[in-house]
Amino acid sequence: MEIKKPFLQTLHGEMTESIPFWFMRQAGRYLPEYGELRSQAGGFLNMVYNPKNAAEITVQPLRRFGMSAAILFSDILVIPQALGQKLEFMAGEGPKLDALKEENDLSKLNSDTIDEVLNPIYETVSLTRQKLNDEGFDQTALIGFAGSPWTVATYMVEGGGSKTYEKTKAWAYGHPTSFQKLIDILVESTTHYLCRQVEAGAESLQLFDSWSGVLDEENFDRWVIKPTSQIVAGVKEKHPDIPIIGFPRGAGTMVFNYAEETNIQAIGLDFTMPQKWATDNLQHLMPVQGNLDPVSLLAGGPQMEEKAQKILKTFGNQPFVFNLGHGIIKETPIAHVEKLCDMIRGYKR
Ligand code: CP3
C-alpha cells in the first residue's frame, strides 16, 4: 500500500487534515549540528558534493521539527560550476564566480559533461530517500530543486551577488540574442539536472527564481516566464506526474501571469505578497506555498504567532503548504522554529 504524503496530496489539490509545512533553507546554519559537520567537512561545497554528508544535513532538521518535506541539500550554483565556471564560497561572504562578460565567454561553458560534476548530487538524492525511510520518515516527501535560468544567470554574469543587476540587465536588454544563448544553455542543463533528480528519487521539484523581481514586464515574460515554461515542459515530457513548485520571488502581481503560463503545479509566495490578493487571484488556480517573513520567525513572540495564525486562517481553506517567504535566517533561535512548527501542526482547518 502506498503511504499518503500530505505535502504531495496538497500539491495535487487535495485537502489534508493538517497543513503540511517545510521551510526554505531549513537545513543550514541556524542548526548547531550543521555547523559541526561543516567545520569537519571543511566548507560548504565539500558538503554538497559528499553524498553522505549532504544526505545527513538534509535529514537534520526533520529529526528536530518533523517537517512534511525534506529539501535536497545542494545549491542553485552547482549548475554554473558543472558547466565549467569557477565557483567559490568563502566563509561569511557570498558566492564568487569567474564572471561571464560577453558572448565569447559562453564558449567556456560545456553542457555535455555536467553529470561528471553532478553525479554525487544524484547520489545524495537516492541516499536521502533511503535514509528517510530508514529513520521512519515515511510520510516525508523529498524535494529536489534548481535555480531558474534568470536567477542563475545573474550570478554567472555579475560574478556573485548584486544589488542592482546592472551587468546582467544591460546584457539582456542590450544584446538579447546573445543573452538568449546563455538562457538556452541554462534551460537545457537545468531540465536535464531536474530529470536526473526525479530519476534518483525526488518526489517534487522547486524552481527558485530569487531575482525575478528586478525585471520589467516585457523582460519578466522573456527571461522568467518563457524559460520556466520550457523547463516545466521538458521535465513533464519525461515525468508527467512530478509536481513542480515555482517561486518567482519579488514578482508582485506578475506572479499571476507566471502561475497561469508556466504550467507549474503550485506557486511559492514571498512575504510581500498581499494575502487577500493571493487567495482571490492565485489560490483558485493552484495550491500556494508561503509566506511568513523569515524576520518574523527570527524575532519570535506574539507578533510571529499572530502572523502565522493569520496565514493559516487565510490560506488554510484551500490547498496550502506553510512556508516562509524566503530562507530561514542564520541567527534564528531553535525555540522559535519549534514554536512555529507546533502551531502549524496543531492548527485545525
Ligand atoms: O533550503 C535548503 O535547506 C536546501 C539547500 C539550499 C541552499 N541554497 C543551501 C545553502 C537551497 C535550496 C539553496 C538555494 C539558493 N542558493 C538560492 C535560492 C534561494 C534564495 O535564498 O534566494 C540562492 C540565491 C543561492 C545562492 C547562494 N548560496 C548564496 C547567495 C549563498 C550565500 C549567502 C547565504 O545565504 O549564505 C549560498 C550559500 C548557501 N546555500 C548556504 C546554504 C546552507 C550557506 C553556506 C554556509 O556558509 O554554510
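Atoms within each ligand, like the ligands themselves, are counted from 1 in listed order. Predicted model, so just to flag it, every value in this text is computed and none were measured.
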Student: Which atoms from ligand 1 have a heavy atom of F73 less than 4.0 Å away?
Tutor: 43 (C)
Student: What do you reckon, does G161 put a non-hydrogen atom under 4.0 Å from ligand 1?
Tutor: no
Student: Near K96 NZ, under 6.0 Å, is it more than 12 heavy atoms from other residues, nucleotides or ligands?
Tutor: yes
Student: Do any nitrogen or oxygen atoms of Q26 lie less than 3.5 angstrom from nitrogen or oxygen atoms of ligand 1?
Tutor: yes
Student: Looking only at protein heavy atoms, identify the closest one to atom 27 (C) of ligand 1 and say how far it is in Å.
Tutor: D75 OD1, 3.6 Å
Student: Indicate, with yes or no, if the rings of F315 and F320 have centres closer together than 6.0 Å.
Tutor: yes
Student: Quick test of your reading of the model: are K108 and D105 salt-bridged, counting only N-O distances below 4.0 Å?
Tutor: yes
Student: Report yes if the distance between the aromatic ring centroids of W22 and F322 is under 6.0 Å, otherwise no.
Tutor: no
Student: Any non-hydrogen side-chain atom of Q197 less than 4.5 Å from a side-chain atom of L194?
Tutor: yes
Student: Below 4.0 Å from any atom of ligand 1, is there a heavy atom belonging to T58?
Tutor: no
Student: Looking at atom 18 (C) of ligand 1, what's its closest protein heavy atom, distance included?
Tutor: S210 OG, 3.2 Å
Student: Looking only at distances, can you tell me whether any N or O atom of W22, backbone or side chain, sits closer than 3.5 Å to an N or O atom of ligand 1?
Tutor: no
Student: Which protein heavy atom lies closest to atom 21 (O) of ligand 1, and at what distance to 0.1 Å?
Tutor: H326 NE2, 3.2 Å
Student: Does the protein put a heavy atom under 4.0 Å from atom 33 (C) of ligand 1?
Tutor: no
Student: So which heavy atom in the protein is nearest atom 24 (C) of ligand 1, and how far is it from that ligand atom?
Tutor: Y155 OH, 3.2 Å
Student: So which of Q206, M24, R29 gets nearest to atom 36 (O) of ligand 1, if we judge by its closest heavy atom?
Tutor: R29
Student: Quick one: does Y34 get an N or O within less than 3.5 Å of an N or O on ligand 1?
Tutor: yes
Student: Could you check atom 41 (C) of ligand 1 against the protein and tell me its nearest heavy-atom contact, residue, atom and distance included?
Tutor: F44 CE1, 3.7 Å
Student: With a 4.0 Å cut-off, would you call D209 and R249 a salt bridge?
Tutor: no
Student: So, do F73 and F44 have ring centers that fall under 6.0 Å from each other?
Tutor: yes
Student: Should W211 be counted as touching ligand 1, given the test is an N or O pair under 3.5 Å?
Tutor: no
Student: Has F247 got any heavy atom lying under 4.0 angstrom from an atom of ligand 1?
Tutor: no
Student: Are the charged groups of K348 and E17 less than 4.0 angstrom apart, N to O?
Tutor: no
Student: At the 4.0 Å heavy-atom cut-off, does S74 count as touching ligand 1?
Tutor: yes
Student: So which heavy atom in the protein is nearest atom 13 (C) of ligand 1, and how far is it from that ligand atom?
Tutor: R25 NE, 3.6 Å
Student: Under a 4.0 Å threshold between the charged nitrogen and the carboxylate oxygen, would E33 count as salt-bridged to R63?
Tutor: no
Student: I'd like to know whether D115 forms a salt bridge (Lys or Arg N to Asp or Glu O under 4.0 Å) with R196, so could you lay out the CA-CA distance, the side-chain angles of the two residues, the decisive distance to 0.1 Å, and finally the verdict.
Tutor: CA-CA 9 Å; D115 281 345; R196 290 293 308 266; 2.9 Å; yes
Student: How close does the nearest protein non-hydrogen atom get to atom 47 (O) of ligand 1, and which residue and atom is it?
Tutor: R38 NH2, 2.7 Å
Student: Does A27 reach ligand 1 with a nitrogen or oxygen that is under 3.5 Å from one of the ligand's nitrogen or oxygen atoms?
Tutor: yes
Student: Mark up the atoms of ligand 1 that fall under 4.0 Å of a heavy atom belonging to P95, in ascending order.
Tutor: 29 (C), 30 (C), 31 (C), 32 (C)
Student: Determine, for R129 against E203, whether the closest basic-nitrogen to carboxylate-oxygen distance falls under 4.0 angstrom.
Tutor: yes
Student: For ligand 1, indicate whether the residue L72 contacts it via side chain, backbone, both or neither (heavy-atom separation under 4.0 Å).
Tutor: backbone
Student: Determine the minimum heavy-atom distance between V125 and A202, stating which atoms define it.
Tutor: CG1-N, 3.5 Å
Student: Please check if the side chain of D270 supplies one atom and the backbone of M273 the other of a donor-acceptor pair under 3.5 Å.
Tutor: yes
Student: Of the protein's non-hydrogen atoms, which lies at the shortest distance from atom 38 (C) of ligand 1, and what is that distance?
Tutor: F89 CE2, 3.4 Å
